[in-house]
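Worksheet for the structure shown next.
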Amino acid sequence: MIYRSQNSGEATTVPQVEELIGYKFNNKKLCWEALQGKGANGYTQGNKRLALVGDAIIRLKVLEGWYPTNTPTVQGNDMVEARVKNRRLGNLGSEKSLEKFIVPNPSQRGHVEESLVADTMEALIGAVHVDGGEKSIDVVMENLGI
């Protein structure tokens with residue numbers, strides 16, 4: 001069971017997350033949105049929209065690395081599945097203590113589910129992309145262990 005150990009606001013949390021991922025947001029609200037669970041701080045959908053973008057970006061980056069190998073598509077699919085599994089992303093996020101920055105749904109009483117950590121990993125990648133940091137995505141993915 002993971003509990004959020006820190007109850008900081010946007011002004012203190014975003015700079016810490018920027019340092020963790022190695023990217024400085026032009027639009028800090030994107031980083032803040034990436035840290036929101038469904039229903040937290042007025043974010044009805046939480047970070048789900050950014051997570052959807054981030055999932056696509058991670059898949060694309062994995063396939064960009066696979067394509068030059070000229071191996072069968074099944075191997076490309078296997079590489080994608082291995083890298084984007086929620087359990088793996090949740091574990092990687094926990095290794096980085098990401099849960100201490102995540103704002104879960106108020107009904108969770110501070111409990112941060114592994115699936116929310118995984119969604120947040122994807123949402124941070126999505127937020128960097130939307131923020132215009134396409135050139136930084138490889139570094140952010142590396143810093144997050146993806």
Side-chain angles (χ1 to χ4, degrees), residues 1-67 73 75-146:
M1 217 178 241
I2 300 169
Y3 286 90
R4 187 167 191 258
S5 61
Q6 177 177 324
N7 193 5
S8 299
E10 179 179 354
T12 55
T13 301
V14 169
Q16 293 174 7
V17 172
E18 288 176 327
E19 185 169 330
L20 176 73
I21 69 172
Y23 177 78
K24 190 164 178 72
F25 284 88
N26 297 305
N27 181 351
K28 309 288 187 199
K29 296 284 185 197
L30 288 168
C31 181
W32 185 241
E33 181 181 342
L35 301 171
Q36 304 305 305
K38 191 174 182 179
N41 290 319
Y43 289 92
T44 308
Q45 296 182 59
N47 62 14
K48 292 291 190 181
R49 290 168 25 101
L50 287 172
L52 189 61
V53 173
D55 179 74
I57 297 298
I58 294 168
R59 289 172 184 275
L60 175 63
K61 289 295 185 178
V62 171
L63 291 173
E64 284 177 345
W66 160 80
Y67 185 79
T73 55
Q75 192 168 357
N77 284 327
D78 289 347
M79 288 175 65
V80 167
E81 291 308 310
R83 296 276 296 274
V84 299
K85 283 185 180 178
N86 276 349
R87 174 158 286 192
R88 178 178 182 273
L89 292 174
N91 287 337
L92 290 171
S94 292
E95 287 172 14
K96 301 290 182 182
S97 300
L98 191 60
E99 65 272 4
K100 71 182 179 181
F101 303 113
I102 297 171
V103 183
N105 181 295
S107 68
Q108 298 297 312
R109 298 187 181 124
H111 177 73
V112 178
E113 296 282 342
E114 181 180 72
S115 61
L116 180 53
V117 177
D119 288 345
T120 302
M121 293 280 282
E122 292 172 337
L124 285 168
I125 298 300
V128 170
H129 176 77
V130 171
D131 192 54
E134 292 87 1
K135 293 178 182 175
S136 301
I137 291 201
D138 290 334
V139 170
V140 172
M141 285 178 61
E142 183 177 326
N143 288 342
L144 289 173
I146 300 174

Taking side-chain contact (heavy atoms from CB on, under 4.5 Å) as the test, write out the residues that go with Asp78, two or more places apart.
Val74
Going through the checks in order, is the side-chain contact (heavy atoms from CB on, under 4.5 Å) test met by Gln45 and Lys38?
CA-CA 5 Å; Gln45 296 182 59; Lys38 191 174 182 179; 5.7 Å; no
Decide yes or no for Ile125 and Met121: does some side-chain heavy atom of the first lie under 4.5 Å from some side-chain heavy atom of the second?
no
Strictly distance-based, threshold 3.5 Å: is any side-chain N or O of Arg83 a donor or acceptor partner for the main-chain N or O of Ile146?
yes
Who passes salt bridge (Lys or Arg N to Asp or Glu O under 4.0 Å) against Lys24, sequence neighbours left out?
none
Flag the pair Thr120 / Glu99 as yes when at least one side-chain heavy-atom distance between them is below 4.5 Å, and no otherwise.
no
A quick test of your reading: do over 12 heavy atoms of other residues, nucleotides or ligands sit less than 6.0 Å from CZ of Arg49?
no
Considering all heavy atoms, the nearest Gly132-Tyr23 contact:
C-OH, 4.2 Å
In Å and rounded to the nearest 0.5 Å, what is the CG to CG distance from Leu52 to Asn47?
11.0 Å
What's the shortest heavy-atom distance between Cys31 and Ala127, and which atoms?
N-CB, 4.5 Å
Sorted by chain and residue number, the salt bridge (Lys or Arg N to Asp or Glu O under 4.0 Å) partners of Glu142 (sequence neighbours excluded) come out as none
Partners of Asn27 by side-chain contact (heavy atoms from CB on, under 4.5 Å), sequence neighbours excluded?
Lys29, Leu30, Asp131
Is it the case that the side chain of Glu19 and the backbone of Pro15 share a donor-acceptor pair, with hydrogens and angles ignored and the cut-off at 3.5 Å?
no
Hey, what do you get for NZ (Lys100) to OG (Ser94), rounding to the nearest 0.5 Å?
12.0 Å
Nearest-0.5 Å distance, CD of residue Glu33 to CG of residue Leu124:
11.0 Å
Minimum heavy-atom distance between Gly90 and Ala118, given as atom pair plus value:
N-CB, 3.8 Å
Side chains of Val17 and Trp32: does their closest heavy-atom pair fall under 4.5 Å?
no
When rounded to the nearest 0.5 Å, the distance separating CD1 of Ile57 from CD1 of Ile137 is 5.0 Å
4.5 Å side-chain heavy-atom contact, Leu89 and Glu114:
no
Set of salt bridge (Lys or Arg N to Asp or Glu O under 4.0 Å) partners for Lys61, sequence neighbours left out
Glu64, Asp138
Output for pair (Gln36 CD, Leu116 CG), nearest 0.5 Å, gives 9.5 Å
What one should report as the nearest heavy-atom pair of Leu20 and Lys96 is CD1-O, 3.9 Å
Value for CD1 (Ile58) from CG (Leu63), rounded to nearest 0.5 Å, stands at 12.0 Å
Those residues that, when tested against Glu18, pass salt bridge (Lys or Arg N to Asp or Glu O under 4.0 Å) (two or more places apart):
Lys28
Could you check whether any side-chain heavy atom of Leu144 comes within less than 4.5 Å of a side-chain heavy atom of Leu92, counting everything from C-beta outward?
no
